[in-house]
Amino acid sequence: MSTSVIKLSLCGPGGVGKTSLARVFTGGSFNESERITVGIQHFFKKLRWVNGTEVTISIWDLGGEHRFFFLAPAFLRGARGVVYVFDITREETFIEIENWRRVVEDTLGPIPAVLVGNKKDLESLRMVPRETALEYARAHNLLGYFEVSAKQLIEVEDPFLFLIKYILDKRREYEQGSSH
Ligand code: G3D
Ligand code: MG
């Protein structure tokens, strides 16, 4: 079976843990002094499903500084799915997701996406209630809301695997549909 590449774009403000999540998901370890992302960074992971399907996931990560925003169209082009990330301890990062969502939908139209609240290890500093984020995800047809911690390695894989499985299932349905 051929190996295909699925591009996912990580969207969200700076400092929420996008690079840390990409690094942990693709098999690296959490890096306490993660350097600020300059421009676009790529992470790769090969996945093998029980049914034998092999896919390479290519995760695109964009520097959060506004001076990199001009790269957004290239960053998004060709993405099969989007992971929106905010920091549960900083409400402004949650609010900023809406700007990202608009840019994504203007560029790509409706696209499979999940919402991730990172830094779950900092529960005592939480500013965004779980219910608020869940409601936002529902209201905007996101596929799900996940709370994770890149630092404590809590459920980091869940949003990625959920999104990838959804994309592969849709593709299979499409391929089966078009072969009749
Ligand atoms: P970004 O790529 O979204 O800009 P980074 O975010 O991955 O560079 O992470 C930004 C800061 O948040 C880093 O700390 C990083 O260590 C920290 N961080 C990332 N994920 C978590 C997490 O799950 N829990 C906690 N407590 N911190 C996290 P510094 O100090 O280098 O700015
Ligand atoms: Mg980064």
Side-chain angles (χ1 to χ4, degrees), residues 1-12 16-32 34-35 37 39-64 71-72 74-88 97 100-101 104-105 107-121 133-134 137-138 140-180:
M1 194 171 279
S2 65
T3 303
S4 57
V5 178
I6 293 179
K7 170 176 171 178
L8 304 180
S9 297
L10 272 178
C11 296
V16 298
K18 299 181 299 299
T19 306
S20 301
L21 290 170
R23 196 178 295 294
V24 168
F25 176 66
T26 57
S29 50
F30 180 75
N31 184 357
E32 192 68 58
E34 186 64 62
R35 273 184 300 164
T37 312
I40 297 173
Q41 224 179 322
H42 304 90
F43 294 85
F44 294 93
K45 186 181 178 81
K46 205 174 228 184
L47 288 176
R48 181 167 209 166
W49 247 249
V50 276
N51 64 8
T53 309
E54 268 195 6
V55 283
T56 297
I57 308 303
S58 140
I59 299 181
W60 290 47
D61 177 27
L62 180 65
L71 292 170
F75 168 72
L76 292 172
R77 206 175 300 126
R80 294 283 171 262
V82 168
V83 179
Y84 296 107
V85 187
F86 71 95
D87 172 351
I88 66 160
I97 294 298
W100 271 102
R101 205 184 58 78
V104 167
E105 300 215 337
T107 312
L108 300 172
I111 181 162
V114 293
L115 180 63
V116 173
N118 187 37
K119 309 200 185 179
K120 188 181 166 69
D121 53 294
L134 262 173
R138 270 192 224 114
H140 297 285
N141 290 320
L142 306 182
L143 298 172
Y145 172 56
F146 299 82
E147 293 196 338
V148 306
S149 167
K151 184 171 187 173
Q152 298 285 320
L153 311 182
I154 302 170
E155 288 162 16
V156 170
E157 293 203 324
D158 292 13
F160 292 100
L161 294 181
F162 186 88
L163 180 59
I164 294 159
K165 184 170 184 310
Y166 180 91
I167 294 165
L168 291 174
D169 285 348
K170 282 283 162 214
R171 183 154 79 186
R172 201 166 302 119
E173 269 171 35
Y174 175 79
E175 283 167 0
Q176 282 167 358
S178 62
S179 66
H180 295 311

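Remark: side-chain polar atoms of S9 are paired, donor with acceptor, to backbone N or O of F75 under 3.5 angstrom.
The two residues I167 and R80 come nearest to each other via the heavy atoms CD1-O, 3.5 Å. Between I111 and A79, the shortest heavy-atom contact is CD1-O, 3.2 Å. When all heavy atoms of V24 and A150 are compared, the closest pair comes out as CG2-O, 3.8 Å.
The side-chain heavy atoms of K165 and D169, taken from C-beta on, include a pair separated by under 4.5 Å. Counting heavy atoms from C-beta on, the side chains of I164 and L8 come closer than 4.5 Å. Between L115 and H140, every side-chain heavy-atom pair lies at or beyond the 4.5 Å cut-off. Side-chain atoms of I40 and L62, non-hydrogen and from C-beta on, do get closer than 4.5 Å to each other. Using a 4.5 Å heavy-atom cutoff, the side chains of P110 and N141 are not in contact.
Shown here are the ring pair (Phe, Tyr, Trp, His ring centres under 6.0 Å) partners of F162, two or more places apart in sequence or in another chain: F146. Remark: K18 pairs with no residue by the salt bridge (charged side-chain N to carboxylate O under 4.0 Å, His left out) rule, at least two apart or across chains. The side chain to side chain donor-acceptor pair (under 3.5 Å) test applied to D87 returns T89, R90, K119, not counting sequence neighbours. With sequence neighbours excluded, no residue forms a side chain to side chain donor-acceptor pair (under 3.5 Å) with R138. When the ring pair (Phe, Tyr, Trp, His ring centres under 6.0 Å) test is applied to F25, the partners found at least two apart in sequence or on another chain are F160. Partners of Y84 under the ring pair (Phe, Tyr, Trp, His ring centres under 6.0 Å) rule, at least two apart in sequence or in another chain, do not exist in this structure.
Ion pairing between a basic and an acidic side chain is recognised when a charged N comes within 4.0 Å of a carboxylate O; K170 and E173 show such pairing.
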